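Predicted, not measured: the structure shown is a model, and the values here were computed from it. Reminder, nothing fancy here: chain letters follow the sequence lines and each chain counts from 1.
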Protein chains: 2
Amino acid sequence: MVFQRVTLKDIADRTGVHTSTVSRVLNPDRRAMVSVEIAERILAVAEELGYRPNTIAYGLKTNRTGSIGVVVPDISNPVFPETVQGIEDVLIAAGYTPILANSDHAADRERIIVENMRDQHIDGLIVASGSPHGAVLMACKEDGVPLVLIHRTWDDPDIPSVSYEEKLGAHLIIDHLAGLGHRDIAYIAGPLDSAATRDRYFGTREALEQHGLRENSNLFTFADAITEEEGERCCRELLQTKEPFTALVTAHDILTAGCIGLLAESGLRVPEDLSLTGYNNTSYATMLTPTLTTVHIPHYDGGVEAARLLLDRIENPTAPVRRLRISPTLVIRNSTAPPPPRPRAQIESPDSAPISVK
Amino acid sequence: MVFQRVTLKDIADRTGVHTSTVSRVLNPDRRAMVSVEIAERILAVAEELGYRPNTIAYGLKTNRTGSIGVVVPDISNPVFPETVQGIEDVLIAAGYTPILANSDHAADRERIIVENMRDQHIDGLIVASGSPHGAVLMACKEDGVPLVLIHRTWDDPDIPSVSYEEKLGAHLIIDHLAGLGHRDIAYIAGPLDSAATRDRYFGTREALEQHGLRENSNLFTFADAITEEEGERCCRELLQTKEPFTALVTAHDILTAGCIGLLAESGLRVPEDLSLTGYNNTSYATMLTPTLTTVHIPHYDGGVEAARLLLDRIENPTAPVRRLRISPTLVIRNSTAPPPPRPRAQIESPDSAPISVK
DNA sequence: CTGAAAGCGCTAACAT
DNA sequence: ATGTTAGCGCTTTCAG
């Protein structure tokens, strides 16, 4: 920086007082210690000179930087911009500066990011990740770095978190489909190393069982990533098993998006021949044709809550740890309908006995 | 931070040398000044104690923080995650820490963000914005804060930038449609306070003129934001003008996405009755039905170049300023086709004379 | 080759 | 009510 910043000393020299007096005036909490006339003079000069406190020097002295680290696994997944927006709105309003970083779902990149952030002396950390790096979290906890998880909890009850009732979300979808009369339901799971998609998967199996629907392992498939490509690959796999199904459920709107083109190519109409569902109620849900029945998760609100939890933690480190769980809701749109009289999902295998529909 | 960090002094005490010696060893450039045995002992102890340099103290001393501010107007617009990814990959590889912030297209929020960042003593700034706050940019320039713009240039040739040949992009689209035989082309522009969408708009008018196509102002409409809602609103407006058109061009895939549902409701098939185009080749382009003919902009590469420009600037502030312009390409998919024999875009006005097609 | 000492800008005892 | 002083952790002259 070529430019010379104005310091407390500059103001002190100009007003004929000591830097400590200037410091007191510029700190609202200590302003009262100083006589009004001097305070006013100092304030005027500070204004005139365009004084900006040096946060680096302040940080060195006080060990507080006003920065909060926010780690997300994939900023291009639309749930994270929403979450981040909620986090930022709260933190900025509270006078903090959020520092956002992308881990790309890579545990070691996450480790490096968090180390960097800690080197920068962040005052707190929010990790939005389905599979945070355990050692990193433990290190933060041990070193007393205020930490909040969002999108998952952690076994250790000392770590505050905001998570969603993912199993409930899965039940909402299956209940809806079962209610429409579907009995053969295929599922595209997300990567199981993420707690959220794992819960959706087990929740789905649980719900199928509750409805007395057969859990045909041929109708479960597993995406390696939350991308359209993986959705399409899994969808192809399901169609090739030649097992009949009348509904296709996925762990994320993005996976569902990947199915649509392939289904159209296969001559399957949604929802007439096949019901299709999403998860997360992202912008994809209304953009696709047909619009998706999906599970709404209030990601913005989750971000807000996570930020509040962190501020609580910073201001009151000894208060009991809170772990929030937020419930999702079902949004019914145009991609689901009662099953066709004869399942058409496997057009190549007309001999497979159609399952009767009430 | 409850936890006590290990400092140079800790290492010095443990090895029986002075802190300045430790400092020299820990700085690769000055390591050679110290005898090998001592250096090794210090390195071993540093490793053992888990020493991490205090970047705050370093920053106070050197006036360099290793942080680079990155300001984007809207992280939920998919072009920005791509751009940011390119920026981050370069900056992180060079040992810098990018600090990302969202201005929400608000000039005063942008001002506050940049002020905050400057208070944090960032070493440089990349502003990705269609309409950066002029005063902010001038202040950075005057104060010698290295600055690069991406997504637009600035009149002042002293500010390096990466921008795209937006007019060319607009020409590519119109050339393609004109080549298919379209003569009545409607346009949904983006907000004109952004340089990029402004250039697309004027480029479109220019291209229409070049092809001798009538510039019917009834067929131009202006979105207030890059959202699906605004796309839909503008599309409705166009349909209500009762002017016939056989192609609908927009300034952004997101605007195009907003049109699709409404067109379907109106009974217009794409591309049989109406050709439709996007811009930016985002994930929307392949997700929508039909897939979109659109303009591909290499946003990731743009981010990479912007970061490199900034690093150049930091390392060599006196080198001549470079301003990059990157050319877009046309991607033809399923949303464009020759116009129908009789334009159907205005089904309510059958009396409007159909334009002949070669 | 290594140590001593100063100082980056600020805050917070401790004096007066 | 204000000034003095010390020091946060580090780098960097300047001596030796």
What are the 5'-most and 3'-most nucleotides of DNA chain C lying under 4.0 Å from any heavy atom of chain B?
C:dC1 to C:dG9
Greater than 12 external heavy atoms within 6.0 Å of B:R322's CZ:
no
Identify whether the distance between the nearest side-chain nitrogen and carboxylate oxygen of A:R308 and A:E305 falls below 4.0 Å.
yes
Regarding B:D10 and B:Y51, is there a side-chain donor-to-acceptor distance under 3.5 Å anywhere?
no
Looking across every strand, which nucleic acid part, if any, lies under 4.0 Å from A:R24 by heavy atom: base, sugar-phosphate, or nothing?
base
Do you know which two heavy atoms are closest between B:I92 and B:P98, and how far apart they sit?
CG1-CD, 3.9 Å
Within residues 33-55 of chain B, which residues have any heavy atom lying less than 4.0 Å from an atom of DNA chain C?
B:M33, B:V34, B:S35, B:I38
Need one value for B:T7: base, sugar-phosphate or nothing, where a base atom within 4.0 Å counts as base even if backbone is also close, heavy atoms only.
sugar-phosphate
Backbone of B:V79 reached by a side-chain donor or acceptor of B:N77 within 3.5 Å
yes
Outermost nucleotides of DNA chain D that come under 4.0 Å of a non-hydrogen atom of chain B:
D:dG9 to D:dT13
For A:R323 and A:W154, indicate whether the former's side chain and the latter's backbone hold a donor-acceptor pair under 3.5 Å.
yes
If you take all heavy atoms of A:I99 and A:S67, which pair is closest and at what distance?
CD1-CB, 3.7 Å
Whichever of B:T19 and A:A57 has its nearest DNA chain C nucleotide further upstream toward 5'
B:T19
Report yes or no: does A:D123 contribute a side-chain atom to a donor-acceptor pair with the main-chain N or O of A:R64 at less than 3.5 Å?
no
Taking A:L8's backbone N and O only, do any of them form a donor-acceptor pair with A:T19's side chain (distance below 3.5 Å, no angle check)?
no
I'd like to know if the side chain of B:R24 and the backbone of B:R31 have a donor-acceptor N/O pair within less than 3.5 Å.
no
